[in-house]
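Here is the structure we will look at, set down as structure tokens.
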Amino acid sequence: MISLQRVTKVYRNGTTALEDVTVDVEKGEFVFIVGQSGSGKSTFIRLLLKEEEATKGDIYVAGKNLAKLTSWKVPHLRRNIGTVFQDFKLLQDKTVFENVAFALEVIGKPKHVIDQRVPEILELVGLGDKLNNFPDELSGGEQQRVSIARACVNRPLVLLADEPTGNLDPSTSVEIMRLLDKVNRIGTTVCMATHDQAIVDAMRRRVIELDKGHVVRDQARGVYS
Amino acid sequence: MPRFEYLFRETTSGLRRNGLVAFAAISTTFIALFLFGLSLLISRQVSLMIEATTGNVEVAVYLTDPVNLDNVQSLTNTLNDLDVVADVHYENKQEACDRFRRLFAEQEALVNNVDCDALPASLRVKMEDPEQYAQVQAVLKGQPGIEQIVDQSAFLDRLFAVTRVFRVGVLLVAFVMLVSASILIANTVRMGLFARRKEIGIMKLVGATNWRIRMPFLVEGLFESLIGAVAAILFLFAIKVAFINPLNESVQFIPWIVNRDVIAIIPILLIAGAIVALLAGLVGMRRFLDV
């Protein structure tokens, strides 16, 4: 599902974010990318979204070679990838329903699909009763659920999560992890960058550790360190 | 294509958000297109006057009453033999009358008071080289049936010289205004993009195509410039009614532009407005929306 072959990323200012990274993630896997700040976790995520291009090496996502993907096909790649961030990235002037519907609306899904799928996914993330609330009326955990619902409403093949629990307290983080686990069990490949040690240790999933742009560990059912 | 409802909502919210800049963009577009339309109407007015006075030819050979058709044929042949003559057309009294009635269609008093029989028949001579008027005069000298030979090219030259200055001036101002209008529209588009950079970021993440993202901003710019264009059209109509209609009554011997002439420039102004808006929109979001 995700494959990086000897990927190097050097930013224009000369910083080497990733060097000679080779990683394969199978369909349906749950993978933690761990490492300190600046180890290359975010670059890893950005490369998969083709927000950045690899300097060297090949990246395949959902069967597509990203280097050969023309810029007008990038949106179609991204429709197969859900994304969740530390800061939720919700629109404050839209309700929970509208925030999730927005993701379908802007890729041209018809209204009947939106009206069916949005309540369905919000039910799945446990917010079936908060459709008409605004983000500032929700707790941090609930806001992150909305953003997960938005990431998943178009049924992506891959879910990329960049520090999704970074702004949440430990017990809320556990709830979010349960939800991501649920998303993973319905067949979505999940790739989560984090430095939340407790969560990684509790989940016992595959762990890829990055340090200064190198893969220093790739361990099935691993712990944080 | 984005659904209409979505576009409408995004466009109106965009206009609400930066109302003042939108107003500046609309009013500048209005002035620019108004001046542009004005210069088009001036050229139309000038060409009407030229057609009325000269029939669009350089030399008119007025014939004595009654007209002898054999004589007309021999005069035509004589003229056609000259290298400097491009074309000779015989305009009989009826044609002269028709032309008169067409040009002065809105001035009923004039049409009713002029007897068609009073209009002379003539040979309309189109010149290959208008400078060589003397040759025409020489070859026709002493020929029978000629009332008067009129060289209209000098008059045409003067008329063109005067109106050219005027039209170029108005067009120049219109052009400068159009440039400022497009800068203002580009600015509203840019402000809209900035105000909604978070939404745009999310749209990119969930895989909205570039055109889907750009369309509401382009439509917003288009909307602004079309409002300006419609206002300009209404204003031109108002000018025509307020200034030209009274002239129709008082200055009888000149054909004035009619409503149809104003209607004819509507599509031109709308298209010009649309082009300005689209160019401005594309400039406004250049480098702002790279994937």
N/O donor-acceptor pair under 3.5 Å between A:Arg79 side chain and B:Gly207 backbone: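 Flag set: sc A:Arg79 to bb B:Gly207 pair under 3.5 Å.
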
Looking only at heavy atoms, what is the nearest atom pair of B:Arg212 and A:Glu105, with distance?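 Closest approach of B:Arg212 to A:Glu105, heavy atoms only: NH1-O, 3.4 Å.
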
Over all atoms of both residues, closest heavy-atom pair of A:Arg78 and B:Leu205: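 Heavy-atom minimum between the residues: CB-O, 3.6 Å.
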
A:Leu90 versus chain B, heavy atoms under 4.5 Å apart: side chain, backbone, both or neither?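 The backbone, not the side chain.
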
In terms of heavy-atom proximity below 4.5 Å to chain B, should A:Ile107 be classed as side chain, backbone, both, or neither?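 Both backbone and side chain.
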
Report, as yes or no, whether the 6.0 Å neighbourhood of atom [atom1] on [X] holds more than 12 heavy atoms from other residues, nucleotides or ligands.
| X | atom1 | result |
| --- | --- | --- |
| A:Lys73 | NZ | no |
| A:Lys56 | NZ | no |
| B:Arg102 | CZ | yes |
| B:Phe175 | CZ | no |
| A:Gln36 | CD | no |
| B:Phe235 | CZ | no |

[Y] side chain reached by [X] side chain, heavy atoms, under 4.5 Å:
| X | Y | answer |
| --- | --- | --- |
| A:Val106 | B:Glu199 | no |
| B:Lys204 | A:Val74 | no |
| B:Ile202 | A:Leu91 | yes |

